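This report refers to the structure that appears directly beneath it.
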Protein chains: 2
Amino acid sequence: MKIQLALDRMTIPEAIETVKEAEHYIDLIEVGTSLIKEFGVDSISEIKKEFPLKPVLADMKTFDNAAYEFTIAFDAGADMATVMGAAPLVTIETCLQVAEEKRKEVMIDLLNVTPEQMKRLLTYQSAVFCEHVSKDEQESGSKTKQNKGRLPVDRLALAGGIAFSSLPLAADKDPEIIIVGSAITKAENIQEAAKQIYTALQTIKTGENV
Amino acid sequence: MKIQLALDRMTIPEAIETVKEAEHYIDLIEVGTSLIKEFGVDSISEIKKEFPLKPVLADMKTFDNAAYEFTIAFDAGADMATVMGAAPLVTIETCLQVAEEKRKEVMIDLLNVTPEQMKRLLTYQSAVFCEHVSKDEQESGSKTKQNKGRLPVDRLALAGGIAFSSLPLAADKDPEIIIVGSAITKAENIQEAAKQIYTALQTIKTGENV
């Protein structure tokens, strides 16, 4: 299980400072959609330049124009990029093609995907599938029904309001990636918050191996 | 019926040059998603600064984080912004709220919206509803089934591969806005292409009034 740190609603220098604090305790860096839409793909390239050894995910949330959007994300230095599971299948397939050509990866964001669409998406098993409680759903308390069981996918990611307290519940699903945002980025002591989550996850992993 | 010129897959200076050529024949300027993701909200503010009297739509394609995304778009000078109809309803409602507070407008992009979701969206009658054949669907020829009839909405926009030849078909649905992209932006003579579409639309309108 890897920890992905999601960076949102901040400037690029703030994002870089945040990662510097947390970097020893996280596996992947997520350049959030808000950074990309506010500052463009420079947000990806500047962060990748500072942390060349950390895999970077660009949360492009692509819904159309897949080849163009994935190409600019990967060319800016992203190792993985997101496409919306609710998008037309041709868009998702184009993202997978571009990623394969460039030896990069795709994360499919399952936010608001219908059960019918979910069945279709399951054929794309090279992608990481991200179960996602959105920011707006968290803030309004209108959380959509979550998948109780584990999705039948090889590669699972979990996102949306995950904090120290909800870590065991998330880890129960045995995801490849756990995405943590404000529980680290908005903490008074970013380094301490990241370390706490890292340590808790190590303990859970060790427990599993006993 | 107004003509909205969609600017995509180009630099900000190219976008400004394109609008300068076409400006007498278009009603609204669309800063495309590709410009926003590539260059950030500067793409909106720089274009608005050049054309302060033209309404500017920011094609944000918001799917989450609605208040933040719509605020940065409107603060950059956009008069209208897009949210995906496939997004959670709380996200769409937040966009409508932010727009109302700032006396701006919302366009709901209907790309890949299910019939069930469509019914729910119809309550948001202050928004412009955009029937949309996506770039990826156009390029792959995998066009999804189009609505044959006219949606029961007050404010309709049509987008996706609309050119001089398909203008009468689009105009038949009596939309408030017809969105034209590459038929103008990729024309050898941008001004001439814009004028041709403008004139054709004037003729159609005059015909209707007879």
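Keep in mind that the numbers below use all heavy atoms, side chains included, and drop hydrogens, waters and symmetry copies. From a predicted model like this one, the values you see are computed outputs, not experimental measurements. A, B, ... follow the sequence lines: proteins, then strands. Residue 1 opens every chain.
Minimum heavy-atom separation, A:Tyr68 to B:Met10: OH-N, 4.2 Å. Closest approach of B:Pro88 to A:Leu111, counting heavy atoms only: CG-CD1, 3.9 Å.
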Does the side chain to side chain contact (heavy atoms under 4.5 Å, CB included) test come out yes or no for A:Asn112 and B:Gln117, once each step is laid out?
CA-CA 10 Å; A:Asn112 230 29; B:Gln117 178 83 344; 4.2 Å; yes
Between B:Phe63 and A:Asp109, is a side chain to side chain contact (heavy atoms under 4.5 Å, CB included) present by the stated rule, with each step listed?
CA-CA 11 Å; B:Phe63 210 98; A:Asp109 185 327; over 6 Å; no
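With rounding to the nearest 0.5 angstrom, the OG atom of B:Ser140 is 10.5 Å from the CG atom of A:Leu89.
With hydrogens and angles ignored, the 3.5 Å screen pairs no side-chain donor or acceptor of A:Lys37 with any backbone N or O of B:Glu69.
Heavy-atom distances place no part of B:Glu93 under 4.5 Å from chain A, backbone and side chain included. For B:Ala73, no part lies near chain A; criterion is any non-hydrogen pair under 4.5 Å. If you measure heavy-atom distances from A:Met84 to chain B, the contacts under 4.5 Å come from the side chain alone. Interface remark: B:Ser134 contributes backbone and side-chain atoms alike to the contact with chain A (heavy atom separation under 4.5 Å). Residue A:Ala87 touches chain B through its backbone alone, counting heavy-atom pairs closer than 4.5 Å.
Residues passing the salt bridge (Lys or Arg N to Asp or Glu O under 4.0 Å) test with A:Glu17 are A:Lys20, sequence neighbours excluded. The salt bridge (Lys or Arg N to Asp or Glu O under 4.0 Å) test applied to A:Arg155 returns A:Glu105, A:Glu176, not counting sequence neighbours. Under the salt bridge (Lys or Arg N to Asp or Glu O under 4.0 Å) criterion, B:Glu139 pairs with B:Arg9, not counting sequence neighbours.
Atom CD of B:Glu14 is surrounded by more than 12 heavy atoms from other residues, nucleotides or ligands within 6.0 Å. Applying the 6.0 Å contact sphere to OH of A:Tyr198 captures no more than 12 heavy atoms from other residues, nucleotides or ligands. Within a 6.0 Å sphere centred on CD of A:Gln125, other residues, nucleotides and ligands contribute more than 12 heavy atoms. Atom NZ of A:Lys195 sits in a sparse spot, with 12 or fewer heavy atoms from other residues, nucleotides or ligands closer than 6.0 Å.
Contacts between residues 38-49 of chain A and chain B, counted as heavy-atom pairs separated by less than 4.5 Å, involve A:Glu38, A:Phe39, A:Gly40, A:Val41.
Among the candidates A:Asp64, A:Leu35, A:Ile36, the residue making the largest number of heavy-atom pairs closer than 4.5 Å to chain B is A:Asp64. Among the candidates A:Asn65, A:Val90, A:Ile72, A:Thr91, the residue making the largest number of heavy-atom pairs closer than 4.5 Å to chain B is A:Asn65.
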